[in-house]
Amino acid sequence: MKTELLFLNEQTAQKGAELIKSGEIVAMPTETVYGLGANAFNEAAVKKIFEAKGRPSDNPLIVHVASKEQICTVASEIPPAAQLLIEKFMPGPITVVLPKHKEIPYSVTGGLETVGVRIPAHKQAQMFLEACGCPVCAPSANSSGKPSPTTAMHVFDDLNGKIPLILDGGSCQGGIESTVISLCGETPLLLRPGLITVEMLEAVLGKINVHPAILKDECVDKAASPGMKYKHYSPKARVLIVDASIDCACSFYDFAAKNGKKPIILWNDDQRAQVGSRNFEALIENGDMLSASKNLFALLRKADDQGFDTVFITAVNQKDTGLSIMNRMLRAAAFTVLTEKTQAEQLKSILGI
Ligand code: TXA
Ligand code: MG
């Protein structure tokens, strides 16, 4: 199949919408990451998403709608806590998990009685969703297991030849996927942290529960959030989080380089000078954690493209936005964190040298 890549405007939104209405799948931008969309009521189209991505079928998809009014076509009930979040944060980078509407097929929800719903804040995405006229279920538009795509070219790299159309809406400002919160239990439960932070959620809802798998490599029960049990966001390179000084990261780097690896350091831009001539990219610019979320997946993909096989990445404080960044980094690193106590022997075995 030939994959077209078109700038998203009124005309191409119509073209994409026609494909969606005819049961095809289309990649679209959002303010978080690119999604791979299908008409959420069309099971055959939904199946194409799982095939194109190589995604396990028990991992549910998020349903995207253009307006708050449309949420009741997707969910059977909107509890008061969900209503508060919808009023406060939608459109925006948040997904609420609600009891599903009977018309939403189980292929969308991975067999669950619940459904994740979100309204993207991306203007062109809204125009596309309006043109579609139906709820559009869309996971991130990457091959399953790879970092989520934050540009149309990332989508092309993963899905060229597998989908008919990629709508290009520029690079995603958020850079990491939406916050996912379930409102189906007694207390709201955070399933995936994102740019709508725990602090922001608690300011509206009071105390919420945070799923333990967010920062730990735990076996996850299927009912909570199937997505968490899969390996995520991993580039080909071995990613290692460094919870220590930049000097310490440089000595790990030198050890890897001496042993035949091709390493790179992803750190704060204000510590670039200490890195000298070693390979370096700025993860955090001007101390702004939002720059880290915007840059993270793009830098992991770039490291692969440039042939780096070992990525040393700075740990971040797990407050506010930092929680969601650490959550993505821990998965990319398969939960490996180096500290100043990490010995050469340990590093050797981690790097397989
Ligand atoms: O920002 C985003 O959310 C992007 C853009 C495209 O909207 N989408 C995205 O989708 O990240 P995906 O499929 O890569 O991640 C969806 C996550 C998964 O971890 C999944 O398990 C969880 O949301 N999820 C979806 N529906 C759920 C449900 N009914 N119950 C629990 N978790 C659910
Ligand atoms: Mg994904």
Side-chain angles (χ1 to χ4, degrees), residues 25-38 40 46 49-50 52-65 74-76 89-101 104-122 125-126 128-129 135-150 154-155 158 167 169 172-185 188-196 211 213-214 220-234 293 297 324 327-328 331-332:
I25 56 177
V26 173
M28 62 167 190
T30 80
E31 80 279 30
T32 57
V33 301
Y34 274 74
L36 180 58
V46 174
I49 292 179
F50 288 92
K53 276 186 61 103
R55 181 179 175 107
S57 64
D58 64 346
N59 195 359
L61 308 178
I62 291 170
V63 179
H64 298 68
V65 294
V74 174
S76 64
F89 298 119
M90 288 195 187
I94 184 167
T95 297
V96 289
V97 174
L98 303 171
K100 87 170 189 70
H101 193 286
I104 293 288
Y106 287 110
S107 52
V108 170
T109 68
L112 299 175
E113 293 298 335
T114 58
V115 64
V117 192
R118 104 173 187 86
I119 308 176
H122 194 287
Q126 287 177 359
F128 171 62
L129 290 172
V136 172
C137 58
S140 48
N142 50 303
S143 297
S144 202
K146 290 247 269 163
S148 292
T150 59
H154 294 160
V155 180
D158 282 16
L167 293 170
C172 304
Q173 288 308 304
I176 56 172
E177 311 85 346
S178 63
T179 302
V180 180
I181 181 164
S182 170
L183 300 149
C184 295
L189 175 63
L190 184 72
L191 297 173
R192 181 173 72 183
L195 296 180
I196 304 296
H211 199 285
I214 282 174
V220 182
D221 70 296
K222 181 177 151 127
S225 189
M228 288 195 286
K229 76 180 179 215
Y230 295 108
K231 193 166 182 259
H232 265 88
Y233 324 117
S234 40
S293 77
F297 290 146
S324 53
N327 166 269
R328 305 313 192 273
R331 278 159 180 76

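Ligands are counted one by one from 1 in listed order, and the atoms in each one are counted from 1 as well.
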Nearest atoms (heavy-atom pairs only) where [X] meets [Y]:
X: Ser178; Y: Thr95; answer: OG-OG1, 2.8 Å
X: Gly54; Y: Ser144; answer: O-CB, 3.2 Å
X: Ala38; Y: Ile49; answer: CB-CD1, 3.6 Å

Open item on the list: What I want to know is whether Arg192 and ligand 1 share at least one N or O pair that is separated by under 3.5 angstrom.
Closed with: yes

Task: Under 3.5 Å: N/O of Tyr34 near N/O of ligand 1 - done: no

Please could you name the atoms of ligand 1 that [X] approaches to less than 4.0 Å, counting only its heavy atoms?
X: His64; result: 5 (C), 6 (C), 7 (O)
X: Gly35; result: 6 (C)
X: Val115; result: 29 (N)
X: Leu191; result: 31 (C), 32 (N)
X: Leu112; result: 28 (C), 29 (N), 30 (N)

Check whether any side-chain N or O of [X] sits under 3.5 Å from a backbone N or O of [Y] as a donor-acceptor pair, and report yes or no.
X: Ser234; Y: Gly145; answer: yes
X: His211; Y: Ile214; answer: no
X: Arg55; Y: Asn59; answer: yes

Task: Rounded distance [0.5 Å steps], SG in Cys172 versus CD in Glu177 - done: 10.0 Å

- [ ] Give a yes/no answer: is there an N/O/S atom of Ser148 under 2.8 Å from the Mg ion (ligand 2)?
- [x] no

Open item on the list: Taking 4.0 Å as the limit for heavy-atom contacts, which would you say applies to His122 with ligand 1: side chain only, backbone only, both, or neither?
Closed with: neither

Please list every donor-acceptor pair under 3.5 Å in which a side-chain atom of residues 25-35 meets a protein atom from a residue at least two apart or in another chain.
{"residue": "Thr30", "atom": "OG1", "partner": "Thr32", "partner atom": "N", "Å": "3.0"}
{"residue": "Thr30", "atom": "OG1", "partner": "Thr32", "partner atom": "OG1", "Å": "2.8"}
{"residue": "Thr30", "atom": "OG1", "partner": "Val33", "partner atom": "N", "Å": "3.4"}
{"residue": "Thr30", "atom": "OG1", "partner": "Val33", "partner atom": "O", "Å": "2.7"}
{"residue": "Thr30", "atom": "OG1", "partner": "Arg118", "partner atom": "NH2", "Å": "2.9"}
{"residue": "Glu31", "atom": "OE1", "partner": "Arg118", "partner atom": "NH2", "Å": "3.2"}
{"residue": "Glu31", "atom": "OE1", "partner": "Ala121", "partner atom": "N", "Å": "3.2"}
{"residue": "Glu31", "atom": "OE2", "partner": "Arg118", "partner atom": "NH1", "Å": "3.2"}
{"residue": "Glu31", "atom": "OE2", "partner": "Ala121", "partner atom": "N", "Å": "3.1"}
{"residue": "Thr32", "atom": "OG1", "partner": "Arg118", "partner atom": "NH2", "Å": "3.0"}
{"residue": "Tyr34", "atom": "OH", "partner": "Asp168", "partner atom": "OD1", "Å": "3.4"}
{"residue": "Tyr34", "atom": "OH", "partner": "Gly169", "partner atom": "N", "Å": "3.0"}
{"residue": "Tyr34", "atom": "OH", "partner": "Gly170", "partner atom": "N", "Å": "3.3"}
{"residue": "Tyr34", "atom": "OH", "partner": "Gly170", "partner atom": "O", "Å": "2.6"}

Task: Residues which pass side-chain hydrogen bond (donor to acceptor under 3.5 Å, both in side chains) with Gln126, listed by chain and number, not counting sequence neighbours - done: none

Open item on the list: Measuring from atom 20 (C) of ligand 1, which candidate in Asn59, Thr114, Ile181, Leu189 has the nearest non-hydrogen atom?
Closed with: Asn59

Task: Options Pro149, Ala141, Ser140, Gly111, ranked by nearest heavy atom to atom 10 (O) of ligand 1, top entry - done: Ser140

Task: Sub-4.0 Å heavy-atom approach of Met28 to ligand 1 - done: no

Open item on the list: Less than 4.0 Å is my threshold; does some heavy atom of Val97 fall inside it relative to ligand 1?
Closed with: yes

